[in-house]
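Heads up, the thing below is written out as structure tokens.
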Amino acid sequence: MKVSKHKGDDMSDLRVRFAPSPTGYLHVGGARTALFNWLLAKKLGGSFILRIEDTDVDRSTKESVDAILEGMKWLGLNWDEGPFYQSDSFPIYKEYVQKLVDVGKAYKCYCTVEDLDAKRNLAMQEGRKPKYDGACRERRELLEGQPYVIRFRAPQAGVTSFDDLIKGTITFPNEELDDLIIQRTDGTPTYNFCVVIDDASMRITTVIRGDDHVNNTPRQIQLYEALGFPVPQFAHVPMILGSDKARLSKRHGATSVIAYRDMGFLPEALINYLVRLGWSHGDDEIFSSSEMIQKFDINNVGRSASVFNTEKLLWLNAHYIKNGDPERLANLLLPHLSAREVTTLGGPDLMSVVKTLQERAQTLEEMADRAVFYYNAPVSYDEAALAKFDKEQLKSVFTAVSMKLADVSGLDVAGIDALFKEVCSENGWKMGQVGQPVRIALSGGTQAPGIGEIVVTLGVEEALRRIQKAQEFIAL
RNA sequence: GGUCCCAUCGUCUAGUGGUUAGGACGCUGGCCUCUCACGCCGGAGACCGGGGUUCAACUCCCCGUGGGACUACCA
């Protein structure tokens with residue numbers, strides 16, 4: 001077999017990671033980043049690693065970790081290694097900080113937060129760069145007992161650049177980069193330092209992450225080089241925006257993937273929606289997970305931010321509901337029915353109910369709403385709709401239909417539909433004069449599955465009972 | 001302010017110098033029809049602006065303009 005020289009080929013030793021910080025739930029932006037990582041790993045037979053970035057002890061919570069894991073699992077984004085916690089590696093970071101200090105690539109800085117803030121504000125006011133002024137960079141004497149942070153001694157001349165898999169070559173003048181803090185006063189390491197140590201020690205080959213990290217990348221590259229680690233490849237995926245083109249946030253509506261689950265979305269719909277946000281494969285819109293894996297290519301990820309569009313997500317969800325397995329949907333629908341205090345016990349077969357609703361619901365929530373009448377007989381009727389028919393007419397329709405229905409059994413949907421046609425032709429009625437009143441009698445309203453579907457699903461006996469009740473109602 | 005990134009219908013996008021600029025969501029006209037949906041057929045709808053390069057620019061370059069990110073002892 002010939003070995004291809006093309007970049008991106010033969011990457012079976014590819015190692016990628018998703019590294020959320022546990023300061024909230026898994027949001028759709030993070031989910032998409034995770035998805036792209038997962039897809040690339042699956043496609044190239046690499047490893048997908050989950051790492052929890054909890055170096056900020058104050059803001060990190062166990063609840064958030066659980067919420068993120070729950071979201072990942074729901075979406076089916078299984079990981080090969082982890083979850084690893086940065087907080088478990090504090091001693092290791094410390095070791096590497098010391099190494100850098102020993103060789104003079106890092107130094108103690110005694111500047112106080114107040115001093116730094118003051119200098120920064122002054123610089124801003126005077127229109128200068130608000131970067132660290134290097135006050136302690138050349139300090140020779142050590143101040144005993146004074147609190148300090150450790151700063152990385154960054155190169156001040158030249159440029160740092162990298163070839164981003166998505167954005168192309170990006171170059172930064174080193175003079176724009178100041179000496180970043182790698183260890184806080186309390187001895188804990190900071191984010192930019194930890195990612196480098198972790199990505200290096202986990203032998204990550206390709207870092208796929210949000211666009212908002214582009215500016216951190218040159219600093220991290222300098223750290224890799226100072227530490228003597230190989231620099232991984234980078235791929236920065238653009239942000240997801242809200243309808244007003246501002247960064248997606250709660251005020252744009254739901255951003256948590258679990259919230260979408262609770263609103264009745266299917267995981268495959270959300271995944272399909274997310275994969276198309278920023279990535280494309282010609283004119284294709286619908287992707288099964290195996291198609292996604294097969295067709296995914298990081299080079300086809302777009303460079304610009306995209307707006308989250310719930311309408312399209314709804315369309316995809318409707319698509320997957322329409323084509324989904326009724327049994328699975330029935331199970332997924334259960335909690336939504338419970339939330340409506342509907343019990344399916346003793347009622348129609350839920351799977352049959354689902355089948356009548358698959359083309360009529362965009363979400364499981366909507367399906368649940370539409371399913372209620374099957375289990376709870378109407379206690380009132382759409383009076384406005386009923387008013388469109390003459391009372392006497394209604395009576396004769398109900399009577400005629402009841403008589404027909406009374407002596408049939410075992411009919412399927414087509415059979416029941418044919419039976420209604422008979423009623424029409426025998427009495428000189430139009431289907432509209434018969435179907436709609438019966439629909440109201442059976443469901444209480446005007447929007448429901450086809451008459452035949454309802455009668456068969458409900459069962460002839462229950463249908464007759466409901467028609468009788470309606471008959472009594474209009475007699476009042 | 002500085003640095004970096006981005007720019008095709010309202011939205012998601014295809015497009016890699018020569019196309020009637022394609023598809024999808026949404027919107028909309030019609031068909032189907034017992035309601036609601038589904039489905040099918042049709043319609044409106046875009047290359048941010050200005051300079052170059054070229055026989056020819058949506059496509060390449062530059063400058064604007066407009067968005068966004070970062071500029072923390074957050075990640």
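By convention in this document, chain letters (A, B, ...) are assigned in the order of the sequence lines, proteins followed by strands, and residues within each chain are numbered from 1.
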> How many Å lie between CZ on A:R303 and P on B:C5, as a whole number?
Replying inline: 13 Å

>> If you only use heavy atoms from C-beta on, which nucleotide in B:A75, B:C36, B:C4 is closest to the side chain of A:R370?
In response: B:C36

>> Given B:U3, B:A75, B:C73, identify the nucleotide with an atom nearest to the side chain of A:R59.
In response: B:A75

> Base, sugar-phosphate, or nothing for A:V149, non-hydrogen atoms under 4.0 angstrom?
Replying inline: base

> Below 4.0 angstrom, N of the basic side chain to O of the carboxylate: do A:R120 and A:D133 qualify?
Replying inline: no

> Could you give the CG-to-P distance, from A:L177 to B:A72, as a whole number of Å?
Replying inline: 12 Å

> B:A75, B:C5, B:C12: which one has an atom nearest the side-chain heavy atoms of A:I170?
Replying inline: B:C5

> Given A:H236 and A:I166, is the side-chain contact (heavy atoms from CB on, under 4.5 Å) satisfied, shown in steps?
Replying inline: CA-CA 6 Å; A:H236 287 97; A:I166 292 171; 5.7 Å; no

> Starting at the 5' end of RNA chain B and moving along, which residue's nearest nucleotide shows up first, A:A19 or A:M124?
Replying inline: A:M124

>> When the C1' atoms of B:U35 and B:C27 are compared, how many Å lie between them, rounded to an integer?
In response: 24 Å

>> Please report the distance separating the P of B:G29 from the corresponding atom of B:U53, rounded so that it comes out in whole Å.
In response: 49 Å

> What about the rings of A:F296 and A:W279, do their centers lie closer together than 6.0 Å?
Replying inline: yes

> Among B:A75, B:G23, B:C5, which nucleotide sits nearest the side chain of A:E285?
Replying inline: B:G23

> Mind checking the P distance from B:C6 to B:A14? Whole angstroms is fine.
Replying inline: 14 Å

> Under 4.0 Å between a Lys/Arg side-chain N and an Asp/Glu carboxylate O for A:E285 and A:K312?
Replying inline: yes

> Starting at CD of A:Q436 and ending at P of B:U35, how long is that distance when rounded to a whole Å?
Replying inline: 7 Å

> Can you check whether A:F265 and A:Y320 have ring centres sitting under 6.0 Å from each other?
Replying inline: no

>> With a 3.5 Å cut-off and heavy atoms only, can you find an N or O donor on one side and an acceptor on the other between the side chain of A:N216 and the base of B:A75?
In response: yes

> What's the CD1-P distance between A:I321 and B:C36, to the nearest Å?
Replying inline: 20 Å

>> Suppose you measure atom P in B:G64 against the same atom in B:G2; what distance do you get, rounded to whole Å?
In response: 12 Å

>> Suppose you measure atom C1' in B:A57 against the same atom in B:G18; what distance do you get, rounded to whole Å?
In response: 9 Å

> Taking atom P in both B:U13 and B:C48, what distance in whole Å separates the two?
Replying inline: 15 Å

> Just how far, in rounded Å, is P of B:C5 from CD of A:E176?
Replying inline: 12 Å

> For atom P, what is the distance between B:C4 and B:C62, given to the nearest Å?
Replying inline: 13 Å

> When the C1' atoms of B:C31 and B:C12 are considered, how many whole Å apart are they?
Replying inline: 29 Å

> Does A:T188 make a side-chain N or O approach to OP1 or OP2 of B:C73 shorter than 4.0 Å?
Replying inline: no

> Which one, B:C12, B:G26, B:C34, comes nearest to the side chain of A:V307?
Replying inline: B:C12

> Looking at B:G39, B:U13, B:A24, which one has an atom nearest to any side-chain atom of A:S280?
Replying inline: B:U13

